[in-house]
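Have a look at the structure below, then the notes.
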Number of protein chains: 2
Amino acid sequence: MQIDATDRKILRELQQDAGRSLDDIARAVGSSKTPVWTRIRKLREAGIIGPQVVIADPDKLGFEACFFVLIRTSEHDSDWQQRFLNAVRARPEVMEAHRLAGDIDYILKVRVPNARAYDVFYQSLISEVKVHNVTALLSMEEIKATTALPV
Amino acid sequence: MQIDATDRKILRELQQDAGRSLDDIARAVGSSKTPVWTRIRKLREAGIIGPQVVIADPDKLGFEACFFVLIRTSEHDSDWQQRFLNAVRARPEVMEAHRLAGDIDYILKVRVPNARAYDVFYQSLISEVKVHNVTALLSMEEIKATTALPV
DNA sequence: TGTGAAACGTGCTAAGG
DNA sequence: CCTTAGCACGTTTCACA
């Protein structure tokens, strides 16, 4: 799918605030309801627009600790990889997980109520899948957090 | 603000899909429209529910490279810190930024079209603020990504 | 505090320029 | 491809149990 300048404007609006009315968005991008609606539908169908969600405040919900976990493994066979993948996907405290190029094999972002809860998570994870080396980086302050891509 | 089991159910629904109708959500949490609506409003007012957004697909929009950037600095005075903060906040390719405890001072998550675009970003950043040491981890695969806290 | 119904605004569809 | 117009649906409010 080919997207143009208007699509990008719409995307910017929706990434900023998906709660606004079609009329508002149409006005903001300099168009009107129907064409905007059609474009949104096409962007949805193309999978460019994914889920629509609310962002909850971690601190106010008691998730006051955020760790970035750097993982090195010695086992690189596909069976191990699959088990690791399942383990990570199954744990709700893992907000994000990437397989990396180079020295470090995986990075996780983990949100938990406190350091103790992180340890519980950590013990549970390494008991389920063998990992060679783990480093946890503790976040002191979230300087910036956005879901909006710079389209 | 004190939140109960029903609030948590509502939060789960909204974190999953904020596009559903009140009726649907009410049915899902075993209540009815008005009380659910009141609760959502209160959660909004309390700031527990933040912005409502759409999640766009990075790959389909040409953001095919994702880097985690580990930064060490030698300068820890508040002036430097403020300049770094501004620099990071101003750059839209920085999706996330945390100040860390320990050895490494900052971690950034950066989304760009390709490695070349990352280099442009990197050069531009270090020309604006002095940093002692930078390590970039390149993501090969996003194993998991969620905005939903396990409430 | 939850229920039901009424009033309002939007999303969505369809027809015409 | 955009504009205008209309219907159906969802949200929001309010009176009452």
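Naming: A, B, ... by sequence-line order, numbering from 1 per chain.
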Is it the case that the side chains of B/Arg91 and B/Ser124 hold a donor-acceptor pair, with the cut-off being a distance below 3.5 Å and no angle test?
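Side chains of B/Ser124 and B/Arg91: pair found under 3.5 Å.
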In whole angstrom, what separates [X]'s [atom1] from [N]'s [atom2]?
| X | N | atom1 | atom2 | answer |
| --- | --- | --- | --- | --- |
| B/Leu22 | C/dG9 | CG | P | 17 Å |
| A/Asp4 | D/dC1 | CG | P | 9 Å |
| B/Arg39 | D/dT12 | CZ | C1' | 18 Å |
| B/Asp24 | D/dC9 | CG | P | 13 Å |
| A/Lys33 | D/dC1 | NZ | C1' | 18 Å |
| A/Leu14 | C/dG11 | CG | C1' | 14 Å |
| B/Trp37 | C/dA6 | CH2 | C1' | 15 Å |
| B/Asp23 | C/dG4 | CG | P | 12 Å |

Would you indicate what B/Arg41 reaches in the nucleic acid, counting non-hydrogen atoms under 4.0 angstrom: base, sugar-phosphate, or nothing?
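Touches nothing.
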Presence of donor-acceptor pair under 3.5 Å, side chain of B/Thr34 and base of C/dG4
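Donor-acceptor pair under 3.5 Å: yes.
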Between the side chains of B/Arg27 and B/Asp24, is the shortest nitrogen-to-carboxylate-oxygen separation below 4.0 Å, so that they form an ion pair?
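A salt bridge links B/Asp24 with B/Arg27.
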State, yes or no, whether a side-chain contact exists between B/Arg12 and B/Lys9 at a heavy-atom distance under 4.5 Å.
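Counting from C-beta outward, B/Arg12 and B/Lys9 do come under 4.5 Å.
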Would you call the rings of B/Phe67 and B/Tyr118 parallel, tilted or perpendicular if under 30° counts as parallel and over 60° as perpendicular?
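Rings of B/Phe67 and B/Tyr118: parallel, as their planes differ by under 30°.
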